[in-house]
Colleague: 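Pasting a structure below so you can have a look.
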2 protein chains.
Amino acid sequence: MHNKIDCQDERFSPKTNHIDSSECQLCEVRACGMCSELDTATLNDLRKITRSRDYKAGELIFSDDAPLQSYAAIKSGIVKLSKILPDGRQQTLGLGFPPDFIGRTYKDKNTYFVSAITNVTVCTFPRDLFNEYLKATPSLEHRLFELTLNELDAARDWMLMLGRMSAIEKVATLLLSFADRLYKSNSLQGIPCDETHFELPLTRSEISDFLGLTIETVSRQFSLLKKKGLIGITQQRFIEILDKEGLSLLAGQLKET
Amino acid sequence: MHNKIDCQDERFSPKTNHIDSSECQLCEVRACGMCSELDTATLNDLRKITRSRDYKAGELIFSDDAPLQSYAAIKSGIVKLSKILPDGRQQTLGLGFPPDFIGRTYKDKNTYFVSAITNVTVCTFPRDLFNEYLKATPSLEHRLFELTLNELDAARDWMLMLGRMSAIEKVATLLLSFADRLYKSNSLQGIPCDETHFELPLTRSEISDFLGLTIETVSRQFSLLKKKGLIGITQQRFIEILDKEGLSLLAGQLKET
DNA sequence: CTAGAGTATTGATTTATATCAAGCTCATAG
DNA sequence: CTATGAGCTTGATATAAATCAATACTCTAG
């Protein structure tokens, strides 16, 4: 089945590139993502149907209605999943960091948008071939299942936040969650970082879509947190957590995205 | 491994009963739940570690912090999953209908409560034995994966509702979702029913925990929908949908729980 | 160095929902 | 059949967040 594929295959966009095995060795997806339970032979097979692809910040990766042509694994950058109501109201459902998998297996559509928040690099897999692979490789399905369970846990944490938290609690929760995720992600990639300083990769508008608030309310909560001495903000995007205790107290509960 | 189990096994509460094969034949879990892709032999094996158990409306099934001792599949009745903030604020995360599976595989805890909304009958599986089974049976894991993906879809639909809908839209969405789910569920079980009449199994308080509102707001929206002629209410719990079009318009978008 | 666009903050006002407070309905037990 | 209590509705008021509006910051391109 795999030798059907070559560079001319119409399922691959011209913007894509082959992956070589040395790339896999350094990859977070290989380390702890969907590839982490594959043996070398299977990984090599999978690589034949895989192409690397870059997206610029803001670009749409998957639409909410177009038939799903491919799945993807995030190698670097951050994506968001979102839904839009007919009148334009938008809700972000979650963020994807390396080594997350994106795409709805066992359905022919996503029911949400996936778009790049920062510049993003992904490995893409043509849908039909990947599905055959998935069927034949229980260890791959097992790993995807685990990743999906984590996503479900995260979605449920955010439901509690969306339904029951005040604006300031939401913002505090988001900041802590980001501090944690960016620290872990950067550490894994060997990027020097510390737990209290980070660049918030989201605009205020993206934050408000995530928290179910408006831009103005988000902005006011940031100012409030600054006034209370819990955080410092420079250049609008660079956050320093000055009082993690205090922030956690405000956030109340949640720990992870 | 399975012959270790008998009625005296301490992992089984005294309130439980054996399952016989004729029961499975009529069961929704067998028809379209986690058992649906098991062959007869595997099903018979699984049945040896399975016990039936009843819960009364309101009873707690799984707690959010106690180590998970068993998993369960819902045979009849409705359960809710919920989270509680330290100060008591509560958010319902979703409802479980037959043939849903409950319990967080691959972790030793649920991070939420599961409780019976109506009287409920479940099949329970001791955690450690079920895990062995799961590892050995890819078709079972596959089915659980699919069920989990559906739960994730549902969770994300509700995130949009929680984050971006007004009170009246939330209530309209809930009613449509219930009409649909109860109709499907009852039809499957051969219970006579129609799509426009149903008994709402939730109290106003449970509804408000689900929608991220207060009891009073929920009540007001019901009254409003009645005044607009979209629904009829008798005895507070019996709902008649008088204008599905209008209700769907109000709800805006979502279709399923 | 400046203009301009995009992004963020801050203020004034409105509005949806929460909160507080009665009173009502319905099922059940005496 | 009536008393009781849990669950529900309705009204009055308070409040958090949305909306509307103006101004300020930050980066880029010229």
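Just so it is clear: chains get the letters A, B, ... in the order the sequence lines come, proteins before strands, and each one is counted from 1.
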Colleague: When you list every nucleotide of DNA chain D with an atom under 4.0 Å from a heavy atom of chain B, which one comes first 5' to 3', and which comes last?
Modeller: D/dC8 to D/dA12
Colleague: Whether the A/Ser219 and A/Glu216 side chains hold a donor-acceptor pair (N or O, under 3.5 Å, no angle test) is what I'd like checked.
Modeller: no
Colleague: For a quick check of understanding: with a heavy-atom distance under 4.0 Å over all strands, which category does A/Thr203 fall into, base, sugar-phosphate or nothing?
Modeller: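 Sugar-phosphate contact only.
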Colleague: Rounded to whole Å, please give me the gap between CZ in A/Arg237 and P in C/dG6.
Modeller: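 Rounded to whole Å, this separation is 15 Å.
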Colleague: Going from CD on A/Glu199 to SG on A/Cys193, what distance comes out if it is rounded to the nearest 0.5 angstrom?
Modeller: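 It is 13.5 Å, given to the nearest 0.5 Å.
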Colleague: Base, sugar-phosphate or nothing for A/Ser223? Non-hydrogen atoms, less than 4.0 Å.
Modeller: sugar-phosphate
Colleague: Could you tell me how far apart A/Glu206 (CD) and C/dG6 (P) are, to the nearest whole angstrom?
Modeller: 15 Å
Colleague: Between B/Asp153 and A/Lys107, does at least one N-O distance fall below 4.0 Å, as a salt bridge requires?
Modeller: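 Counted as a salt bridge, because a side-chain N and a carboxylate O are separated by less than 4.0 Å.
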Colleague: Donor-acceptor check, side chain of A/Arg204 to backbone of A/Gln236, threshold 3.5 angstrom: yes or no?
Modeller: yes
Colleague: Measure from the ring center of B/Phe62 to the ring center of B/Phe113 and say whether it is less than 6.0 Å.
Modeller: no
Colleague: Hey, are the side chains of A/Leu200 and A/Phe198 touching, using non-hydrogen atoms and a 4.5 Å cut-off?
Modeller: yes
Colleague: Would you give a per-nucleotide map of nucleotides 16-25 of chain C, 5' to 3', where B means the base has a protein non-hydrogen atom under 4.0 Å away, S means only the sugar-phosphate does, and - means neither?
Modeller: -SSBB-----
Colleague: Taking the six-membered ring of A/Tyr71 as reference, does the cationic atom of A/Arg104 (NZ for Lys, CZ for Arg) lie under 6.0 Å from its centre and within 45° of its axis?
Modeller: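 That pair does not qualify as a cation-pi contact.
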Colleague: Would you mind checking if A/Lys226 and A/Glu240 are paired as a salt bridge, meaning a charged N to carboxylate O distance below 4.0 Å?
Modeller: no
Colleague: For A/Thr234 and for A/Ile215, locate the closest nucleotide of DNA chain D by heavy-atom distance; then report the residue assigned to the nucleotide nearer the 5' terminus.
Modeller: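 Result: A/Ile215.
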